[in-house]
Trainee: 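Here it is, the structure in full.
These numbers were taken from a predicted model, which means no experiment stands behind them.
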Amino acid sequence: MLMFKNIVKRFETLDGVKVLFDQFNLSIDSNDFVSIIGTNGAGKSTLVKLLIGDLSLDEGEIYLRGTAIGDLPAYERKMKIAKVYQDPKKGTAGNMTILENMALADGKGKPYGLKMSVNKKRIPYYKEELKTLNLGLENQLHTNVSELSGGQRQALALVMATMKKPEILVLDEHTSALDPKTAQVVMDKTKELVNRHQIPALMITHNMDLALHYGNRLIKLDQGQIVLDKRLDATPTIDKADLFS
């Protein structure tokens with residue numbers, strides 16, 4: 001479904017050229033919920049940026065459902081790839097209402113005029129989508145998103161990201177800014193939405209418990225290399241010591 005093939009990425013540093021990814025290869029299946037872990041500098045964020053087009057490849061290719069996307073501009077890739085950010089404020093528009101945010105996500109890929117309008121016929125659908133969160137947001141459609149808590153806002157961002165059923169969902173440490181209880185709620189909603197819409201997911205996280213509990217595959221990066229790749233559905237238990245060995 002998603003393939004990184006012979007990826008090379010170099011960076012200019014004060015000490016010369018640093019090669020982070022050198023002939024890097026990774027394949028992700030259509031039913032995968034992949035948790036990617038690793039220390040700072042391991043390549044997690046760089047991998048995501050290469051995927052969504054925020055960084056360019058030096059060599060190699062990225063294939064999404066068999067189509068090469070390595071030369072596509074970022075805005076075209078984002079029509080196929082949805083991302084939920086670490087900062088809840090980045091996935092939603094705080095100066096707009098919940099209803100306007102939902103309409104914005106619903107119109108992804110469609111041209112807008114000078115003023116965005118809400119299709120009133122879609123409001124029942126928006127309410128049904130929000131109702132699945134069990135947060136009461138379906139009753140607050142005219143509330144500005146800036147008034148929501150971080151957890152509510154991140155849950156809304158999840159619904160918005162999955163509304164158009166992207167070809168892959170990227171979760172970039174999307175619970176790290178939340179308290180543990182709220183993070184678990186958001187992760188439960190994440191897994192529920194991924195399963196309901198049948199969207200493959202790629203989750204970057206530093207939280208080992210979340211990585212092991214919610215994903216069905218665990219990948220550990222170290223200096224641009226895969227040093228651990230385990231299928232959790234085939235290996236129900238894993239010793240956390242393996243993650244640091």
Side-chain angles (χ1 to χ4, degrees), residues 1-86 90-91 108-109 161-162 164-174 176 194 198-206 211 214-234 242-245:
M1 201 288 301
L2 175 67
M3 179 185 294
F4 296 85
K5 187 173 182 180
N6 299 328
I7 298 300
V8 176
K9 184 58 188 177
R10 308 180 186 93
F11 292 97
E12 294 285 346
T13 70
L14 294 176
D15 298 323
V17 177
K18 177 183 178 181
V19 180
L20 178 58
F21 292 114
D22 188 5
Q23 301 297 315
F24 178 88
N25 291 281
L26 173 63
S27 295
I28 294 173
D29 296 334
S30 58
N31 62 345
D32 274 346
F33 189 132
V34 182
S35 300
I36 298 186
I37 62 172
T39 58
N40 291 333
K44 305 184 303 298
S45 295
T46 299
L47 191 67
V48 166
K49 289 178 180 178
L50 290 171
L51 172 60
I52 65 176
D54 287 349
L55 283 176
S56 60
L57 298 169
D58 290 319
E59 296 179 30
E61 187 54 270
I62 300 173
Y63 295 92
L64 185 59
R65 297 194 182 277
T67 300
I69 64 170
D71 290 330
L72 289 180
Y75 74 89
E76 287 191 30
R77 298 192 208 188
K78 289 170 184 176
M79 294 296 104
K80 305 172 182 290
I81 303 168
K83 180 180 177 182
V84 182
Y85 296 83
Q86 179 178 1
K90 286 189 175 182
K108 184 177 180 179
T162 55
K164 304 299 286 188
K165 195 175 178 180
E167 295 188 28
I168 189 164
L169 176 64
V170 176
L171 306 163
D172 191 3
E173 300 192 53
H174 72 306
S176 63
V194 165
Q198 296 184 319
I199 303 169
L202 186 65
M203 181 174 73
I204 306 299
T205 183
H206 280 98
Y214 290 96
N216 67 352
R217 183 178 174 191
L218 180 70
I219 291 176
K220 181 182 178 183
L221 293 181
D222 183 41
Q223 297 183 24
Q225 296 184 10
I226 297 174
V227 295
L228 180 71
D229 187 351
K230 284 186 178 288
R231 296 209 66 90
L232 302 177
D233 45 7
D242 290 343
L243 307 180
F244 302 98
S245 59

Trainee: Just how far is it from atom NZ of K5 to atom CD of Q23, taken to the nearest 0.5 Å?
Mentor: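 Going from the NZ atom of K5 to the CD atom of Q23 covers 11.0 Å.
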Trainee: Taking the side chain as every heavy atom from C-beta outward, state whether I37 and H206 have any pair of such atoms under 4.5 Å apart.
Mentor: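 Contact flag for I37/H206 side chains = no.
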Trainee: To the nearest 0.5 Å, tell me how far I7 CD1 sits from L47 CG.
Mentor: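 The distance works out to 8.5 Å.
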Trainee: For the backbone of T39 and the side chain of K44, can you confirm whether one donor and one acceptor N or O come within less than 3.5 Å of each other?
Mentor: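 Indeed, once roles are kept as given, a pair shorter than 3.5 Å links the two residues.
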Trainee: Using the side-chain contact (heavy atoms from CB on, under 4.5 Å) rule, take M3 and I62 through it: C-alpha gap first, then chi angles, then the decisive distance, then the call.
Mentor: CA-CA 6 Å; M3 179 185 294; I62 300 173; over 6 Å; no
Trainee: Keeping the roles fixed (side chain from T162, backbone from K165), state whether a donor-acceptor pair exists under 3.5 Å.
Mentor: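 Not at all, since once roles are kept as given, no pair shorter than 3.5 Å links the two residues.
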Trainee: Spell out, as yes or no, whether a donor-acceptor pair under 3.5 Å connects the side chain of D32 to the backbone of P200.
Mentor: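 Here the side-chain-to-backbone pair does not exist.
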Trainee: Measure the shortest side-chain to side-chain distance between I52 and R77 over non-hydrogen atoms and say whether it is less than 4.5 angstrom.
Mentor: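 The answer is no, as the side chains (C-beta and beyond) never meet within the 4.5 Å cut-off.
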Trainee: Step by step, work out the side-chain contact (heavy atoms from CB on, under 4.5 Å) result for Q223 and D22.
Mentor: CA-CA 10 Å; Q223 297 183 24; D22 188 5; over 6 Å; no
Trainee: Between D58 and R10, is there a donor-acceptor pair closer than 3.5 Å when you use the side chain of the first and the backbone of the second?
Mentor: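 Here the side-chain-to-backbone pair exists.
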Trainee: Once rounded to the nearest 0.5 Å, what's the spacing between atom CG of N216 and atom NZ of K230?
Mentor: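 If I round to the nearest 0.5 Å, the distance is 14.5 Å.
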Trainee: Can you check whether L50 reaches F24 side chain to side chain, under 4.5 Å on heavy atoms?
Mentor: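 In short, these two side chains do not touch, never coming nearer than 4.5 Å.
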Trainee: Return the minimal non-hydrogen interatomic distance between V84 and A161, and the atom names on each side.
Mentor: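 Scanning both residues, the minimum pair turns out to be CG2-CB, 3.9 Å.
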Trainee: Do V194 and Y214 come close enough that some side-chain heavy atom pair is under 4.5 Å?
Mentor: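 Counting from C-beta outward, V194 and Y214 never come under 4.5 Å.
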Trainee: Looking at every non-hydrogen atom in both residues, tell me the closest pair between L232 and G215 and how far apart they are.
Mentor: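 So the minimum-distance heavy-atom pair works out to CD1-O, 3.4 Å.
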Trainee: For the backbone of G70 and the side chain of E61, can you confirm whether one donor and one acceptor N or O come within less than 3.5 Å of each other?
Mentor: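 Pair found, side chain donor or acceptor close to backbone of G70.
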Trainee: Can you measure from CG (L202) to CG (L169) and round to the nearest 0.5 angstrom?
Mentor: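 It comes to 9.0 Å.
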Trainee: Once you round to the nearest 0.5 Å, how far does CG of L64 lie from CG of L72?
Mentor: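 Between atom CG of L64 and atom CG of L72 there are 9.5 Å.
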Trainee: With respect to L2, which candidate in D29, L26, L51 satisfies the side chain to side chain contact (heavy atoms under 4.5 Å, CB included) definition?
Mentor: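 Of all the options given, the one that passes is L51.
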Trainee: Distance-only, no hydrogens or angles: does the K9 side chain make a donor-acceptor pair with backbone N or O of S56 under 3.5 Å?
Mentor: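 Yes.
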Trainee: Got a second to check how far N40's CG is from S45's OG, nearest 0.5 Å?
Mentor: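 Going from the CG atom of N40 to the OG atom of S45 covers 8.5 Å.
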Trainee: Can you find a heavy atom in the side chain of D229 that is under 4.5 Å from one in the side chain of R217?
Mentor: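 Yes; the side chains approach each other to less than 4.5 Å.
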Trainee: Is there side-chain contact between V34 and M203, with at least one heavy-atom pair below 4.5 Å?
Mentor: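 No, side chains not in contact.
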Trainee: Are any side-chain N or O atoms of N25 and backbone N or O atoms of N6, one a donor and one an acceptor, separated by less than 3.5 Å?
Mentor: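 Side chain of N25 to backbone of N6, a donor-acceptor pair under 3.5 Å: yes, one is there.
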Trainee: Mind listing the closest non-hydrogen atom pair of A74 and G53 along with its distance?
Mentor: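 What the structure gives for the nearest pair is CB-O, 3.8 Å.
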Trainee: Do F4 and L57 have side chains that get closer than 4.5 Å, going by heavy atoms?
Mentor: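 No - every pair of side-chain heavy atoms lies 4.5 Å or more apart.
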Trainee: Less than 4.5 Å apart, any side-chain heavy atom of I81 and any of I69?
Mentor: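 Yes, side chains in contact.
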Trainee: Run the side-chain contact (heavy atoms from CB on, under 4.5 Å) check on K83 and H174 step by step: do they pass?
Mentor: CA-CA 9 Å; K83 180 180 177 182; H174 72 306; over 6 Å; no
Trainee: Of all the heavy-atom pairs spanning L221 and A42, show the shortest one and how long it is.
Mentor: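 In terms of heavy atoms, the two residues are closest at O-CB, 3.3 Å.
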Trainee: Using the rule given for side-chain contact (heavy atoms from CB on, under 4.5 Å), can you reason through M1 versus R65, listing the C-alpha separation, both sets of side-chain angles and the distance that settles it, and then say yes or no?
Mentor: CA-CA 5 Å; M1 201 288 301; R65 297 194 182 277; 3.8 Å; yes
Trainee: Should we say atom NZ of K78 is surrounded by more than 12 heavy atoms from elsewhere, each under 6.0 Å from it?
Mentor: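 Atom NZ in K78 is crowded, with more than 12 foreign heavy atoms closer than 6.0 Å.
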